[in-house]
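Presented below is the structure to which this report refers.
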Protein chains: 2
Amino acid sequence: MAADTASLEQLSATCSHCSLRYLCLPHGLSADDVVRLETLVDTGATIGTDRSLFEQGDAQQALYAIRDGSMKTVAVDEDGLEQILGFYFPGDLLGLDGFGNQRHQCTAIALEDSTVCRIPVERLGHLSDELPSLRHQLMRLMGQALSDEERLLLTLGRKNAEGRIASLLLTMRRRRQLRGLPEGALPLPMKRIELANFLSMRLETVSRVLTRLQRDGVIRVLPGAIDILDTAMLRTRAGQGAWAVDQD
Amino acid sequence: MAADTASLEQLSATCSHCSLRYLCLPHGLSADDVVRLETLVDTGATIGTDRSLFEQGDAQQALYAIRDGSMKTVAVDEDGLEQILGFYFPGDLLGLDGFGNQRHQCTAIALEDSTVCRIPVERLGHLSDELPSLRHQLMRLMGQALSDEERLLLTLGRKNAEGRIASLLLTMRRRRQLRGLPEGALPLPMKRIELANFLSMRLETVSRVLTRLQRDGVIRVLPGAIDILDTAMLRTRAGQGAWAVDQD
DNA sequence: CGTTGTTTTGACTTTATTCAAGCATGGTGG
DNA sequence: CCACCATGCTTGAATAAAGTCAAAACAACG
């Protein structure tokens, strides 16, 4: 498992006591309503490394909230091209894109042994018919997912290799902080080739950029993690690695 | 205005009679419920070329459905980089990303003189508290928006210049067909530099690719439009313009 | 330890960008 | 009505960034 023991112990079998409740579906619900939500959440399902939670094309039966560990989502198009769409960490909700046509549009795969909460959409739909606050939180979460993807489009579209890597590192660290996960070296549970795929570059380029940033004293590359030594410089290089701002 | 007179006349001042109702919010609602929805929709607002419907950072006050014309959405990040996130046509809904934090995450700008329906989110929220079918349609539309952006990430991430242009042309034509808009030459209301920004390339590259596709008899470049002469070949080149499918 | 998978590094090639120039179109004012 | 300018689009030649191919180093694991 990814989280250390201390943070694991704060995860309870119920939403009411879960340390991630402010990021997750329960946010904004009254204590009573959270209790009702709990009744339909299957907490503590586990999923092994490289196993999938759902596959592209599957009927959308449930949403999944990550409790511990990490996942990636990947989509394949008609030509067989694979693109990693995102990396997900504790508190993140997966499966929202299935609301479009009741089928998952991507496959969710565990990057390491992980635990997830399973929330059946059928029952979630019924409960949200009754609880306005739940419905609003669901809309909020979908809106956030939408704007997260927009930000990603911006980064991938307008930054060069170094800018993308630097932005990714900063984003990942910010997300960890928001979740209250331990500071220090940033764990990178994915392989170089997965980073490369996600950022639309080749693994050799990822490697070269990381080496360069390390040589310049901005980061330190550890096995399975990156230590950010000079945040200000990393931010600078995230901004510099951007294309000319032309008219338009 | 973009649509020709024939299709314009099918657009009525009410959702019940709108030719786009099956794509838009009314889809799936009973006749009675559509009438209730109508009461809060301000149909027929107009917006001039280059004017904005809402701006990034504005409070989300309404959703907008395009009736006629076309728009783009653009996001600016902290470094001042601008990225066009999408082009939108009749039947498309704008403003959904604002559900994340009650603020619009991008600016919507008209590519030509257009007409839109304005749907205040406050009142929409209240009505959807009452109408399950409306809320389900809203969820559906958000799910679709999410998977549309995922598809875009796939195209931008894994295809080269030619593949992106070819994919864009095919996608735009498919969207027109879904809406029942007239076939024939595909109108391209946006400038080269806007296409370039959207596809993450330079306008010179857009120009060169279009010229090459025309030289090879795949398309014909008209002022403000593209005639697709050989769909099969265009599809081939959309698929070929893709990076090697490596392991992972 | 030897096998396997992953990451780094090097030399070379390709692709798209950059910079610069030329063409077409459409609108304005003399 | 035409010269002029502005805007948008195309084309060409030189350059830089990232991709490809190949090999070596490193790590993980039985």
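Values below: all heavy atoms of this structure, side chains included; hydrogens, waters and symmetry mates excluded. Per chain, numbering begins at 1; letters A, B, ... match sequence-line order.
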Contacts of [X] that satisfy side chain to side chain donor-acceptor pair (under 3.5 Å) - sequence neighbours left out:
X: B:Arg212; result: B:Glu162
X: B:Thr73; result: none
X: A:Ser52; result: A:Glu55

Residues pairing under side-chain hydrogen bond (donor to acceptor under 3.5 Å, both in side chains) where one sits in residues 142-157 of chain A, two or more places apart or in two chains, turn out to be A:Arg151-B:Glu78

Residues in salt bridge (Lys or Arg N to Asp or Glu O under 4.0 Å) with [X], at least two apart?
X: A:Asp58; result: none
X: A:Arg192; result: none
X: A:Asp216; result: A:Arg237
X: B:Arg175; result: B:Asp92

Kindly write out the residues that satisfy side chain to side chain contact (heavy atoms under 4.5 Å, CB included) with A:Leu178, not counting sequence neighbours, or none if the list is empty.
none

Could you tell me, to 10°, how much the axis swings from one end of the helix from C:dC1-D:dG30 to C:dG30-D:dC1 to the other, five pairs per end?
30°

Enumerate the protein-to-nucleotides 8-13 of chain D contacts in which both atoms are nitrogen or oxygen and the separation is below 3.5 Å.
unit_1	atom_1	unit_2	atom_2	d
D:dG8	OP1	B:Lys191	NZ	3.0
D:dC9	OP2	B:Arg192	N	3.1
D:dT10	OP2	B:Arg192	NE	2.8
D:dT10	OP2	B:Ser207	OG	3.0
D:dT10	O5'	B:Ser207	OG	3.2
D:dT11	OP2	B:Thr211	OG1	2.7
D:dG12	N7	B:Arg208	NH1	2.9
D:dG12	O6	B:Arg208	NH2	3.1

Across nucleotides 24-30 of chain D, 5' to 3', mark each nucleotide with B, S or - according to how protein heavy atoms within less than 4.0 Å reach it.
-------

Taking the basic N atoms (NZ, or NE/NH1/NH2) and the acidic carboxylate oxygens, is any pair closer than 4.0 Å for B:Asp227 and B:Arg220?
yes

